[in-house]
Amino acid sequence: MTNYYSCKIDELANYTGKEVTLAGWLNRLRSGGKVLFLMLRDGSGICQCIVEKEKIDPELFNQLKHLGQESSLQVTGIVRADERSVGGYEIAVSNAKIFCQSRDYPITPKAHGVEFLMKHRHLHLRSQRQWAINRIRHTVIAAVRSFFNDNGFTLIDTPIFTTAAGEGEQTLFGVDYFDEKLHLSQTGQLYLETAAMSHGKVYCFGPTFRAEKSKTRRHLTEFWMVEPEVAWITLEELMDLAENFVCSIVSKVLEENRNELNILGSDIESLEKIKGSFYRLTYCEAVEILKGEKTQEFMAAQLEGFLSREKQLKEKLKELTENQESAKKQWQKDKIATELNEINIELGELARKIENNPKHAKLAKDFVWGKDLGGSDETIISLMHDKPIFVTHYPKEVKAFYMKANKDNAKVVDNFDMLAPAGFGEIIGGSMREEDYDALMERINELGYNPQNYSWYLDLRKFGSAPHGGFGLGIERTIAWITGEKHIRQCIAYPRMMDKVYI
RNA sequence: UCCUCGAUAGCUCAAUCGGUAGAGCGAGCGGCUGUUAACCGCUAGGUUGUAGGUUCGAGUCCUACUCGAGGAGCCA
């Protein structure tokens, strides 16, 4: 045999009636007295392979029958269409070769806790959900690259070991670099601006490190961010760019990953609405909305929804408890117990939401102009819209030193955040950069930064300064939003969280 | 850093008032020709997170600690 396999599972439709060889891993085995069902996984999909006792070597049949989950093997047989099979095609096995018999694979087809799965992340990556998420991640990243490559941008790789700060100094990871103190990059932006003055349109894409003490479902300490930077652009044009960019990512995923989105139970209908113009609000308008009557009504309606869901669940709980008492078989009782458990978990979540709702409503109502939008404020605005929302012109005090002051209102800057819809929150932050030497210097002094650290950055404002701006998009947040995955940690193979690194 | 909840078989969870620690899945063996988280029968599997305390008796009550989950704060 020259090759390990003759085709991949996702190509089986082209081989109906022909003999093929597949190579992969045993996802699950169901055995009958004279027939075995091998669910074979090869990275491209899952295929049911039928082994009939009379049609293969009896010794081989016996070996296959006792194969453990995740054993690796080759399977040869005729492809046939069959509605009963997952994917519509199956293999009538005539021969097989076992490579590695695995025993006691830890991840079983039943429920597992977060800690257990994270400790077994190296194996968990084989599970169907993780497989689907990582395929979508691949599409997202490919779409990011081709969007910029096709629109005249030049890729510039900015350094990971950095000297310049960029964002708040407290969120830096320090590194001992041959007795010199450097830190891990938390943005490529400052370096990228230098390259924009060479190429006009540039982007960087790489890992980003933030030592934020944020233990939430939306934060990682190491995540991937793509940042375009463009010279001779206006804020409006920058937002148009961000809009087209996000649309192109979503449409690429819809085009290439229907199957994966279905596996994950993602909200495809909502994703299909992500095209055309996004909502654009100024910070002032966003504050008005938060403080307004409509938000209070919205929050009240939300609370009502929670309460009626709670009532509904409690009734179901009662009903199930009665069923459990009358159930005769032990397994029926256990099945009901599992359902009860799930309901109790949801009730716990609801109770927290019901508790938080009035607090968030009050926070919104009492919002004072000048503060940064909090997580709950973002969520409220995001929930009230069905497409992404730009929020522009934040107060300069809550934003970074390099953001350009608005020429009509010096209290605000020409920036924007893009909030994903349906409560997901921020996925992009961007701004015009201050191009005036004196204004930038003033900001650096105001904030007490050392101008010497920024001498090369300031040079850009001395030698042919030009209007320019850019933004950064968090890859994992984008994937979590698109897939509907609750926790960002599932959107990268080996997540690094503030309080925990497993493998 | 704070708040809430939790830790019992490989995994997910039960265990009523403090009174002999159980089930499902997984594993092993057997049965069954079409299964879809298959099904049926049998078997093995436990120092109840750690250290103390109360008690005739502690998985259960008390104290401290360790670890985990969720949330808050913080945060491009």
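Just so it is clear: chains get the letters A, B, ... in the order the sequence lines come, proteins before strands, and each one is counted from 1. Just so you know, these numbers come straight off a predicted model, no measurement behind them.
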### Query
Which one, B:C74, B:U33, B:G73, comes nearest to the side chain of A:Ser214?
B:C74

### Query
Under 3.5 Å, is there a donor-acceptor pair between the side chain of A:Asp414 and the main chain of A:Met432?
no

### Task
Answer yes or no: side-chain N or O of A:Thr108 and base N or O of B:C25 forming a donor-acceptor pair under 3.5 Å.
no

### Message
Using atom C1' in both nucleotides, what's the gap between B:G52 and B:A58 to the nearest angstrom?
### Response
14 Å

### Query
Is there a Watson-Crick or G-U wobble partner for B:C74 with both distances under 3.5 Å, and if so, which one is it?
none

### Task
To the nearest Å, give me how far apart CZ (A:Arg121) and P (B:G68) are.
17 Å

### Query
Counting side-chain heavy atoms from C-beta on, which of B:A76, B:C67, B:U33 comes nearest to A:Val35?
B:U33

### Task
Can you check whether any acceptor in the base of B:G10 is under 3.5 Å from a donor in the side chain of A:Arg103, or vice versa?
no

#### Entry: Short side-chain N/O contact to B:A69 OP1/OP2 from A:His112, under 4.0 Å
no

### Query
Of the nucleotides B:C67, B:G73, B:C75, which one has an atom closest to the side chain of A:His219?
B:C75

### Message
Between B:G18 and B:C3, how far apart are the two P atoms, rounded to whole Å?
### Response
27 Å

### Task
Could you tell me whether A:Gly375 contacts a base, only the sugar-phosphate backbone, or nothing, with contacts defined as non-hydrogen atoms closer than 4.0 Å?
base

### Message
On RNA chain B, compare the nucleotides closest to A:Gln69 and A:Asp372; which residue's is nearer the 5' end?
### Response
A:Gln69

### Task
Establish, from distance only, whether the side-chain atoms of A:Arg41 and A:Gln128 form a donor-acceptor pair under 3.5 Å.
no

### Query
Out of A:Asp157, A:Ile156, A:Thr158, which one pairs with A:Tyr191 under the side chain to side chain contact (heavy atoms under 4.5 Å, CB included) rule?
A:Thr158

### Query
Using purine N1 to pyrimidine N3 plus N6-O4 or O6-N4 for Watson-Crick, or N1-O2 and O6-N3 for G-U wobble, each under 3.5 Å, what pairs with B:U54?
none

### Task
Between A:Met498 and A:Leu373, just flag the one whose closest nucleotide in RNA chain B comes earlier from the 5' side.
A:Met498

### Task
Specify the separation, in whole Å, of atom CG of A:Leu238 and atom P of B:A76.
19 Å

### Whole angstrom value for the distance that separates C1' of B:G34 from CD of A:Glu83
14 Å

### Task
Identify which nucleotide among B:U35, B:G70, B:A38 has an atom closest to any side-chain atom of A:Arg217, counting heavy atoms from C-beta outward.
B:G70

### Task
Respond yes when some side-chain nitrogen or oxygen of A:Arg30 is under 4.0 Å from OP1 or OP2 of B:U35, and no when none is.
no

### Interatomic distance, A:Tyr105 OH vs B:C11 P [rounded to whole Å]
15 Å

### Query
Between B:G59 and B:A9, how far is it from one C1' atom to the other, in whole Å?
14 Å

### Task
With heavy atoms under 4.0 Å as the rule, sort A:Tyr394 into base, sugar-phosphate or nothing.
nothing

## Note on the structure
Regarding the side chain of A:Arg489, the nearest nucleotide among B:U36, B:A76, B:G70 is B:G70

### Query
What nucleotide, of B:C11, B:U36, B:G73, holds the atom closest to the side chain of A:Phe116?
B:C11

### Message
Can a side-chain donor-acceptor contact be found between A:Gln130 and A:Ser127 if the only test is distance below 3.5 angstrom?
### Response
no

### Message
Could you tell me how far B:C65 sits from B:G57 if I compare only their P atoms? Round to whole Å.
### Response
27 Å

### Message
Side chain of A:Pro109, heavy atoms from C-beta onward: which of B:G26, B:U36, B:U33 has the nearest atom to it?
### Response
B:G26

### Message
Rounded to whole Å, how long is the line connecting atom CD of A:Gln48 with atom P of B:G34?
### Response
12 Å

### Task
Could you state the atom-to-atom distance from CZ of A:Arg218 to P of B:G70 in whole Å?
15 Å

### Task
Indicate, with a heavy-atom threshold strictly under 4.0 Å, whether A:Met225 touches base, sugar-phosphate, or nothing.
base

### Task
Could you state the atom-to-atom distance from CD of A:Glu52 to P of B:U35 in whole Å?
14 Å

### Task
Assess the side chains of A:Gln189 and A:Tyr402: does a donor N or O sit below 3.5 Å from an acceptor N or O?
yes

### Message
Return the pairing partner of B:G46 with a 3.5 Å limit on both distances, Watson-Crick or G-U wobble; otherwise return none.
### Response
none

### Task
Can you tell me the pairing partner of B:G41 across any strand shown, Watson-Crick or G-U wobble, with both distances under 3.5 angstrom?
B:C29

### Query
According to the Watson-Crick and G-U wobble definitions, with both distances under 3.5 Å, which nucleotide is paired to B:A9?
none

### Query
Which is true for A:Glu378 with a 4.0 Å heavy-atom rule: it touches a base, it touches only sugar-phosphate, or it touches nothing?
nothing

### Query
When the P atoms of B:C40 and B:G19 are considered, how many whole Å apart are they?
33 Å

### Message
I want to verify a distance call: between B:U35, B:G70, B:C29, whose nearest atom is closest to the A:His487 side chain?
### Response
B:G70

### Query
Looking at A:Lys411 and A:Glu397, does any basic side-chain N land under 4.0 Å from a carboxylate oxygen?
no

### Summary
B:C56 glycosidic conformation (syn if within 90° of 0, otherwise anti) is anti

### Stepwise side-chain hydrogen bond (donor to acceptor under 3.5 Å, both in side chains) check, A:Asp417 with A:Tyr394
CA-CA 9 Å; A:Asp417 280 355; A:Tyr394 279 61; 3.3 Å; yes

### Task
Could you work out the separation of B:U50 and B:G10 based on their P atoms and round it to a whole Å?
13 Å

### Summary
A:Lys486 NZ to B:A69 P, in whole Å, measures 16 Å

### Distance below 4.0 Å between A:Arg28 side-chain N/O and B:A38 OP1 or OP2
yes

### Query
Can a donor-acceptor pair under 3.5 Å be found between the side-chain atoms of A:Glu212 and the base atoms of B:A76?
no

## Note on the structure
Picking from B:C67, B:G70, B:U35, the nucleotide nearest the side-chain atoms of A:Lys215 would be B:G70

### Query
What interatomic distance, in whole Å, is found between C1' of B:G49 and the corresponding atom of B:G30?
38 Å

### Message
Of the options B:U33, B:G34, B:A76, whose atoms approach the side-chain atoms of A:Glu54 most closely?
### Response
B:U33

### Task
Return yes if the base of B:A38 and the side-chain atoms of A:Ser31 contain a donor-acceptor N/O pair under 3.5 Å, otherwise no.
no

#### Entry: Close aromatic pair by centroid cut-off 6.0 Å: A:Phe401 and A:Tyr454
yes

### Distance between P atoms of B:U20 and B:G26 (Å, rounded)
30 Å

### A:Glu222 and A:Arg210 ion-paired at < 4.0 Å
no

### Message
Using a distance-only criterion (donor-acceptor N/O pair, under 3.5 Å, no hydrogens), is the base of B:G34 paired with the side chain of A:Glu90?
### Response
yes

